[in-house]
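These notes are about the structure you will find just below.
Whatever order the structure lists ligands and atoms in, that order sets their numbers, starting from 1.
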Amino acid sequence: GKMKVGDIAIEMGIKATQLIKALMTNGVMGNVNSDLDFDTIALIVPEFGWEAQNTFKTADEIVVETAFGNLEAELVIRPPVVTVMGHVDHGKTSLLDAIRNARVASGEAGGITQHIGAYSVTTEDGSLITFLDTPGHEAFTAMRARGANATDIAIIVVAADDGMMPQTAEAISHAKAAGVPIIVAVNKMDKPGANPDRIKQQLTELEIVPEEWGGSTIFCEVSALKRTGIPELLENIKLLAEVAELKANPEKSGSGLVIEAKLEKGKGPVATILVKDGHVNVGDYIVAGSMKGKVKSLTNDKGERVDTVTPGLPVEVLGLEGVPAAGDRFDVVVDERTAEEVVGVRKEQAMAENTQKKMSLEDMFSKVTQGDLKEFNIILKADVHGSLEAIQGMLNKMTSVEVKNKIVHAAVGGVTENDVMLAHTSKGVVIGFNVRPDNNAQAKAKQLGVDIRTYSIVYEMMDEIKKAMTGLLAPQV
Ligand code: GDP
């Protein structure tokens with residue numbers, strides 16, 4: 001991300017001496033050959049009517065370079081990847097177990113499941129559905145924060161006897177922010193106090209409206225404990241996946257993401273990967289995150305050794321030289337030299353990302369002024385319900401010609417790590433009214449460069465947001 005003074009001057013069509021002078025006025029000493037970092041360049045070029053943009057090779061560009069095989073092959077439907085989310089104790093883990101066991105019950109070969117972080121089941125008509133084994137929106141958003149959207153469909157579990165809870169709403173916000181379609185599983189239908197209609201009513205407030213009420217969300221009534229309603233749930237997932245037309249080319253080199261990875265005694269690095277496109281073979285050269293390796297073995301979720309794995313399926317890989325992180329993307333590459341090259345670029349990217357500018361309220365303003373920001377993403381937290389609703393109302397009204405306010409998530413309570421993650425992935429800011437971030441949230445915000453603004457006076461808050469939206473806010477020093 002560095003550039004020489006001379007090159008920048010040529011780029012802007014000015015004399016190098018003019019630039020050197022401007023730098024000196026800003027306290028930077030240099031000559032024609034001095035290297036300037038991005039922050040300095042960004043600071044100085046507006047004086048000459050230019051704007052600096054930090055661009056890097058994206059991970060996608062690398063794939064374009066590394067993919068091989070039959071790139072023109074006909075696309076085929078791949079299994080959908082499903083994440084289960086919802087409030088604690090509403091039955092996420094039980095539901096995942098029930099689905100997994102439905103496979104055993106149906107007498108499918110290799111019924112004993114290996115816990116590798118994801119598993120797939122066969123529906124009645126023979127199509128496959130893959131489930132991520134780590135329930136909850138924390139894992140979901142942590143992966144998204146690394147740039148990977150593992151999930152095609154989100155199941156929101158709500159206990160029929162308990163109804164909508166804070167984490168239900170949070171999970172829905174996370175799924176919506178990711179643009180992932182939602183199916184609601186109303187669980188614990190076996191309980192005496194089960195009241196699915198109340199849940200439908202409650203979720204309507206979050207614009208999750210059941211199909212039978214004219215909306216577009218499928219609600220499935222299940223009991224993870226009694227194992228009822230599971231085939232219907234799977235059937236509905238399949239239908240939603242068909243609408244989404246998830247396609248992949250199984251004839252090209254594989255790519256996808258790492259679901260989990262660890263170092264195992266006697267085995268070395270063990271990673272579970274989810275193939276989103278292409279295929280992976282034993283013997284392939286592979287790069288996962290910034291770790292490379294040659295695939296020694298592939299083991300599926302039934303504990304069987306396989307030679308190849310196709311799109312939409314998880315598999316455990318041995319042969320990587322190091323342990324990648326969950327959410328890292330992986331690519332099969334043509335040879336070892338390419339693997340090394342990709343590792344080099346990935347490492348550079350990681351460094352660049354660390355120094356990249358954060359999305360603060362000021363950045364939003366400057367983007368507004370430049371006209372590149374159309375939506376102003378806000379995660380709103382407040383101390384009581386009354387003020388939350390009042391502020392939401394005001395924010396919704398405060399939409400300028402250029403920019404639309406978008407409340408990604410609004411809830412009562414302190415600012416948590418999850419709020420920060422959500423702000424990070426939706427490139428927004430966290431706004432707290434009469435609440436403060438806890439220690440974890442503060443640490444996460446610092447690490448990710450997320451802006452948390454807290455206010456105790458409505459007028460001040462609205463004033464700052466309004467200024468932000470019109471591009472007038474002075475940077476916070
Ligand atoms: P999670 O925190 O969302 O993963 O919830 P769990 O799957 O751990 O379930 C929480 C509790 O609810 C456990 O005691 C389960 O046995 C119970 N539970 C889960 N599903 C059902 C169900 O369908 N009916 C009944 N009666 N209890 C359930």
Side-chain angles (χ1 to χ4, degrees), residues 81-106 113-121 129-144 150-151 153-176 178 180 182-200 202-203 206 208 210 217-237 259-260 272 301 314 326 409 411 413 416-419 421-422 440:
V81 181
V82 181
T83 297
V84 175
M85 307 198 268
H87 197 73
V88 64
D89 279 346
H90 277 197
K92 299 181 291 293
T93 313
S94 307
L95 185 63
L96 280 166
D97 287 344
I99 295 167
R100 197 196 328 258
N101 283 312
R103 174 167 94 183
V104 182
S106 72
T113 321
Q114 300 282 310
H115 283 262
I116 64 167
Y119 66 85
S120 52
V121 292
I129 301 173
T130 297
F131 287 87
L132 296 182
D133 229 348
T134 319
H137 50 273
E138 290 82 2
F140 175 81
T141 299
M143 284 210 187
R144 279 192 69 220
T151 308
I153 293 169
I155 306 279
I156 307 290
V157 178
V158 193
D161 60 334
D162 204 16
M164 184 174 84
M165 285 292 168
Q167 285 167 47
T168 315
E170 226 178 73
I172 289 171
S173 299
H174 282 248
K176 278 187 175 173
V180 172
I182 290 170
I183 292 182
V184 178
V186 180
N187 189 31
K188 307 200 186 183
M189 282 303 292
D190 59 286
K191 283 208 162 182
N195 188 351
D197 272 348
R198 188 170 66 109
I199 291 166
K200 287 176 187 167
Q202 289 171 333
L203 293 189
L206 300 175
I208 299 287
T217 307
I218 300 165
F219 281 63
C220 291
E221 296 176 8
V222 301
S223 164
L225 192 73
K226 304 275 184 220
R227 312 259 154 99
T228 58
I230 308 293
E232 292 79 6
L233 177 63
L234 296 181
E235 185 62 21
N236 278 306
I237 295 171
I259 307 276
E260 58 177 49
T272 296
D301 56 335
H409 178 63
T416 65
E417 208 176 330
N418 273 325
D419 297 324
M421 294 295 280
L422 188 55
N440 289 343

Q | Qualifying residue, where the test is side-chain contact (heavy atoms from CB on, under 4.5 Å) with T151 and the options are L132, V84, V82 | A | L132

Ignoring hydrogens and angles, write down the donor-acceptor pairs under 3.5 Å from the side chains of residues 159-169, residues two or more places apart or on other chains.
residue: D161; atom: OD2; partner: K191; partner atom: NZ; Å: 3.2
residue: D162; atom: OD2; partner: H90; partner atom: NE2; Å: 2.9
residue: T168; atom: OG1; partner: M165; partner atom: N; Å: 3.0
residue: T168; atom: OG1; partner: M165; partner atom: O; Å: 3.2

Q | Sub-4.0 Å heavy-atom environment of ligand 1, residues by chain | A | H87, V88, D89, H90, G91, K92, T93, S94, N187, K188, D190, K191, S223, A224, L225

Q: Output all residues satisfying side-chain hydrogen bond (donor to acceptor under 3.5 Å, both in side chains) with D89, sequence neighbours left out; order by chain, then residue number.
A: none

Q. Parallel, tilted or perpendicular for Y119 and F131, by the 30°/60° rule?
A. parallel

Q: Kindly compute the distance separating CG (D301) from NE2 (H115), expressed to the nearest 0.5 Å.
A: 10.5 Å

Q: Please name all residues satisfying ring pair (Phe, Tyr, Trp, His ring centres under 6.0 Å) with F219, sequence neighbours left out, ordered by chain then number.
A: none

